[in-house]
Amino acid sequence: MKLIIQIPCYNEEHTLPQTVKDLPTHIEGIDVIEYMIIDDGSKDNTVEVAKSLGVHHIVRNKNNRGLARTFRKGIDECLKRGADIIVNTDGDNQYAGWDVAKLVVPILEGKADVVVGDRKTQDIEHFSPLKKLLQKVGSYVVKKVSGVEVPDAVSGFRAYSREAVLQLNIISPFSYTIEALIQSGKKHMAVTHVPVETNAKTRESRLFTSIPKFIERQLTTIVRMYTMYQPLRVFVLIGALITLVGLIPIIRFLIFYMMGDGNGHLQSLILGGVLTVLGIITFLIAILADLINFNRQLIEQTLEKVRRMELQMLDEKKERESARNDSVK
């Protein structure tokens with residue numbers, strides 16, 4: 001059983017040493033533990049510090065691509081290096097590294113595919129009341145949308161099984177946390193959470209620089225992902241609302257018409273007719289979106305099979321190289 005702990009980094013030369021120092025070197029049930037740094041185009045000495053710390057794998061982006069893309073690249077690289085479990089943590093030393101052992105237990109026991117570290121945000125002193133409220137509301141919304149009950153939906157301290165990451169397809173350019181949870185729920189993965197500790201604040205969050213912008217991005221992600229997985233429900237609801245609004249002026253016209261005063265209210269009939277037609281068009285869009293959704297599922301299944309084939313080819317290549325080296329000896 002091989003565990004790779006990946007750490008997305010962007011200018012983390014000062015916090016990376018303590019982050020790596022707190023990571024476990026031995027966990028019961030794990031045969032091999034390795035660390036991976038995914039450098040997201042850092043402009044400081046993050047890579048040099050990682051090398052001096054003896055980090056096993058260093059993956060680099062030539063420029064800054066954002067957390068979601070960096071996370072996606074990291075899990076792909078972890079799979080190529082034979083990871084059975086992948087733990088993601090942050091390079092700013094926000095999370096207590098020793099809690100990695102708690103994260104992997106549900107996966108080792110076969111009880112979960114994804115484990116999220118619950119920071120118990122209501123107890124974090126440097127979180128403002130507004131931020132705590134947003135965390136609580138956001139987690140509740142994600143629960144309703146995804147069907148996954150996780151009290152800290154935006155926590156980046158997570159463990160994924162090999163099977164889980166083979167099915168994840170992160171498309172958001174901003175943050176992967178909410179998107180990954182919604183995908184996990186819609187794909188019926190077993191998701192759980194465990195309480196974890198946090199360290200003292202080392203710097204300001206780069207994702208939470210502006211509350212309105214943060215809310216906008218997270219809401220956009222939630223709406224996009226929910227629409228992607230439930231297009232029929234979304235567009236039927238929109239179509240029903242438009243049609244309902246369109247029926248109101250039509251009914252108003254009919255009432256006046258029956259009272260013998262219909263000639264002066266033709267605008268109500270026209271407005272209602274236009275809205276009703278828009279509602280019907282939206283219903284047609286719902287059918288098309290649902291068909292596209294089935295096509296997306298086929299594409300995702302194909303992508304998953306391709307990933308499995310690539311990993312199988314890599315494993316076979318490693319076996320051949322190992323056999324060749326043994327024969328030389």
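The first residue of the sequence shown is numbered 1, and numbering continues consecutively from there. Values below: every heavy atom of this structure, side chains too, minus hydrogens, waters and symmetry copies.
Distance CZ/F71 to CG/L168: 6.5 Å, rounded to 0.5 Å. One finds the CG atom of D40 at 8.0 Å from the CZ atom of R65 (value rounded to the nearest 0.5 Å). For the atom pair OG1 (T192) and NZ (K111), the distance works out to 9.5 Å, reported to the nearest 0.5 Å. Expressed to the nearest 0.5 Å, how far CG of L23 lies from OH of Y95 amounts to 13.5 Å. Separation of atoms OG (S139) and CD (E149) is listed at 10.5 Å; rounding is to 0.5 Å. Here the CD1 atom belonging to I30 is positioned 10.5 Å from the CD atom belonging to E28, to the nearest 0.5 angstrom.
Using modelled atom types, no side-chain atom of Q6 and backbone atom of I38 make a donor-acceptor pair closer than 3.5 Å. Between the side chain of N63 and the backbone N or O of G41 there is no donor-acceptor pair closer than 3.5 Å. A side-chain donor-acceptor contact under 3.5 Å links R162 to the backbone of A83.
Taking the side chain as every heavy atom from C-beta outward, V165 and C78 never approach each other to under 4.5 Å. Counting only heavy atoms from C-beta outward, the side chains of I4 and Y35 never approach each other to under 4.5 Å. Residues Q18 and N199 fail the side-chain proximity criterion, which asks for heavy atoms closer than 4.5 Å. With a 4.5 Å cut-off on side-chain heavy atoms, R224 and E179 do not count as touching. A 4.5 Å side-chain heavy-atom check between K43 and Y10 finds at least one atom pair inside the cut-off. Residues L16 and C9 are in side-chain contact: their nearest non-hydrogen atoms beyond the backbone lie under 4.5 Å apart. Side-chain contact check for L284 versus L288: every heavy-atom pair is 4.5 Å or farther apart.
Every residue meeting the side-chain hydrogen bond (donor to acceptor under 3.5 Å, both in side chains) condition with R296, not counting sequence neighbours, appears here in chain and number order: N293, E300. With sequence neighbours excluded, the residues that form a side-chain hydrogen bond (donor to acceptor under 3.5 Å, both in side chains) with D39 are S42. Scanning for side-chain hydrogen bond (donor to acceptor under 3.5 Å, both in side chains) contacts around T46 gives D44, with sequence neighbours left out.
Shortest non-hydrogen contact noted between I242 and L275 is CG2-O, 3.1 Å. Heavy atoms only, all atoms of each residue included: I33 and P24 are closest at CG2-O, 3.7 Å. The minimum heavy-atom distance between D92 and T19, with the atom names listed, is C-OG1, 4.2 Å. What you find for V196 and D99 is that their closest heavy atoms are CA-OD2, 3.4 Å. For I37 against A50, the heavy-atom pair with the smallest separation is CG1-CB, 3.8 Å. Closest approach of E34 to K2, counting heavy atoms only: OE1-CE, 3.1 Å.
With a 6.0 Å radius and a threshold of 12 heavy atoms from other residues, nucleotides or ligands, K120 has its NZ atom above the threshold. Atom NZ of K136 has 12 or fewer heavy atoms from other residues, nucleotides or ligands within 6.0 Å.
Counting only N and O atoms by type, the side chains of Q297 and Q301 include no donor and acceptor under 3.5 Å apart. Residues N61 and T70 have side chains that bring a donor and an acceptor to within less than 3.5 angstrom of each other.
Only one option out of V274, T276, I280 pairs with L278 in a side-chain contact (heavy atoms from CB on, under 4.5 Å); it is V274. For the pairing with V142, the side-chain contact (heavy atoms from CB on, under 4.5 Å) check across L181, T221, V150 returns one residue only, L181. Checking I86, V55, V104, V100 one by one against I5, the side-chain contact (heavy atoms from CB on, under 4.5 Å) holds for a single residue, V100.
Pairs passing the salt bridge (Lys or Arg N to Asp or Glu O under 4.0 Å) check and including a residue from residues 301-314, sequence neighbours excluded, read E163-R308, E304-R308. Annotation: salt bridge (Lys or Arg N to Asp or Glu O under 4.0 Å) contacts involving residues 13-26, sequence neighbours excluded, are absent.
Using a 4.0 Å cut-off between charged nitrogen and carboxylate oxygen, E77 and R81 count as a salt-bridge pair.
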Distance-only donor-acceptor hits, side chain of residues 151-160, under 3.5 Å, sequence neighbours excluded:
from: D152; atom 1: OD1; to: R119; atom 2: NH2; distance (Å): 2.9
from: D152; atom 1: OD2; to: R119; atom 2: N; distance (Å): 3.2
from: D152; atom 1: OD2; to: R119; atom 2: NE; distance (Å): 2.6
from: D152; atom 1: OD2; to: R119; atom 2: NH2; distance (Å): 3.4
from: S155; atom 1: OG; to: G117; atom 2: O; distance (Å): 2.7
from: S155; atom 1: OG; to: F157; atom 2: N; distance (Å): 3.4
from: R158; atom 1: NE; to: S155; atom 2: O; distance (Å): 2.7
from: R158; atom 1: NH1; to: Y160; atom 2: OH; distance (Å): 3.4
from: R158; atom 1: NH1; to: T177; atom 2: O; distance (Å): 3.0
from: R158; atom 1: NH2; to: A153; atom 2: O; distance (Å): 2.7
from: R158; atom 1: NH2; to: S155; atom 2: O; distance (Å): 3.3
from: R158; atom 1: NH2; to: T177; atom 2: O; distance (Å): 3.1

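Each of I85 and L166 belongs to its own hydrophobic cluster when Ile, Leu, Val, Met, Phe, Trp and Tyr are linked at side-chain heavy-atom distances under 4.5 angstrom.
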